[in-house]
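Reading through the structure tokens given below for one structure.
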Amino acid sequence: MSRRGSRRRDSGLPPLPANGLRIVPLGGLGEIGRNMTVFEHAGRLLIVDCGVLFPEEHQPGVDVILPDFTWIRDRLDKIDAIILTHGHEDHIGGVPYLLRERPDIPVVGSKLTLAFIEAKLKEHRITPVTTEVQEGQRRRLGPFDCEFVAVNHSIPDGLAVAIRTAAGIVLHTGDFKMDQFPLDRRVTDLRAFARLGEEGVDLFLVDSTNAEVPGFTISEGELAPAIETVFRTGAGRVIVSSFASHVHRIQQVLDTAHAHGRKVAFVGRSMVRNMGIASDLGYLTIPKGLVVDLKALERLPANKITLICTGSQGEPLAALSRMANRDHPIRITEGDTVLLASSLIPGNENAIYRVINELTRWGANVVHKGNAKVHVSGHASAGELAYCYNIVRPTNVLPVHGEWRHLRANADLAIRTGVAPDRAIIAEDGSVIDLIDGRASITGSVPAGLVYVDAMTVGGATEESLHVRRTLAEEGVITIVCIVDPDTGQLSEKPDFLAHGFEPDAIDFDTAVPSIQKALTSAARENIQDLDQIEELVRRAVSAWAHRQHRRSPLIIPVIVDA
Ligand SMILES: [Zn+2]
Ligand SMILES: [Zn+2]
């Protein structure tokens, strides 16, 4: 398994004093996703979140990307717990892979978060050791005295966590926003933030996702008019696509559908599973008789039908993309209204617009973030963050969850509220931040490369294999079979060329033969016998020819066979 940066290289780290706390973000800094932070104190470890990152177009064939566990791998027995702040994939998606390495790491989280992770772990045939916590509770996990604080986000039951050790108090917001009128009336507990601030927050880890967005994130409830309009004006079926975890968004859709005398069916495995969990646990209230199975729904007239499905990010295997591609039993027709009640995650734009175009082509009216107010963010904007800094008055700040620009914007906000510029720390994945005597500073780094999960193999794809995949996709491949006379080292017949990704007649391969002959001649002159070395010389020669003649850099596979 060769991974980028997978060698353990932390021997250069300074020793951590007994009153010190080491904070190591292994993911989520410099990227949106795979959030994971490791805390070390008194020889013990505490992990907050363990998420995945979704691949982009330049990472073909990759399912998800994990944090690199190298730094903790030989100390798994020292982990006292993993705290999950909420149930989003970018915070819990990596847990099955961590538990594969040590299945009995205690998993700590709120009721809904644990239910989501347990359902996920069941698919991986793992039964976790769990500890359920609630806001307001305080729990000792090894040397870490943890207090859980309610935060509001785009999934119910989110928690921030305050961690008390001999090094002081650290407050980690998790993902959060400050909707003052959330559907469940569970607001971010600013009173707890203030109380912790009074006690003295030595280090504040703050969600940076929306730090560049000025003002305040509007309330989830403000989407009601746009959702209402869809149901009022939709003549036929209404098909809603959203994140399968956005319980409150789906609650709004359910209530509106009910008010308009429609019935609802959930479509897509994760949607059916999560909504079942959310309603069983009381986070989702389904009016009696509203939700029916798909068969019963299909017998109703179109204007009585609502479908709620996955695929709001254009994921190719999700229900909505398959409907758009006519690869799903639900056929989109004239009169259907499709509501994409979700964000547009950067990197997914092309896929989403492709889905919107296809749905429109089949006759659907597509309502989305770009043409109606059908989405609000789950993250605090700059205005809310500034309030938080003024309430908490932290000594040191570590912006988390964001690309570099988000972290910078968040640090700038902290500084504007009075945090000393050298105590607003912009760190990267793998940075080691030590909190000692009330001062946080970067003291080193540990491996934090991207670990690719590829059809269930962890680390099966490397940067190198992705490079090959990209080359294959963009440049094609040429295989050259050279039959060589072992005595002279020269071609004993004309080489065979097999090319893929080219028009067959576009290339005159005969023009490459002199380059190959030249390579073989120089190999013979140098008395090179090793086949691998000779193949490498031929590869370089053909590569130079392809570039010179055709301005292409295909993958070149020479095969040398003795005559
Ligand atoms: Zn989240
Ligand atoms: Zn997140």
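Indexing begins at 1, ligand by ligand and atom by atom, following the structure's order.
Salt bridge annotation for Asp412-Arg416: absent, with no cationic side-chain nitrogen under 4.0 angstrom from a carboxylate oxygen.
A distance below 6.0 Å separates the ring centres of His401 and His172. Centroid-to-centroid, the aromatic rings of Phe69 and Tyr97 stay 6.0 Å apart or farther.
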Between Gln180 and Phe216, does a side chain to side chain contact (heavy atoms under 4.5 Å, CB included) hold up when you go through it step by step? CA-CA 11 Å; Gln180 296 302 295; Phe216 292 78; over 6 Å; no
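Inside a sphere of radius 2.8 Å centred on the Zn ion (ligand 2), the protein N/O/S atoms present are Asp90 OD2, His91 NE2, Asp175 OD2.
Using a 3.5 Å distance cut-off with no hydrogens or angles, the side chains of Tyr283 and Gln251 do not pair a donor with an acceptor. With no hydrogens or angles considered, a side-chain donor-acceptor pair links Ser219 and Asp179 at under 3.5 Å.
Distances from the Zn ion (ligand 1) to each N, O or S atom of His153 single out NE2 as the nearest.
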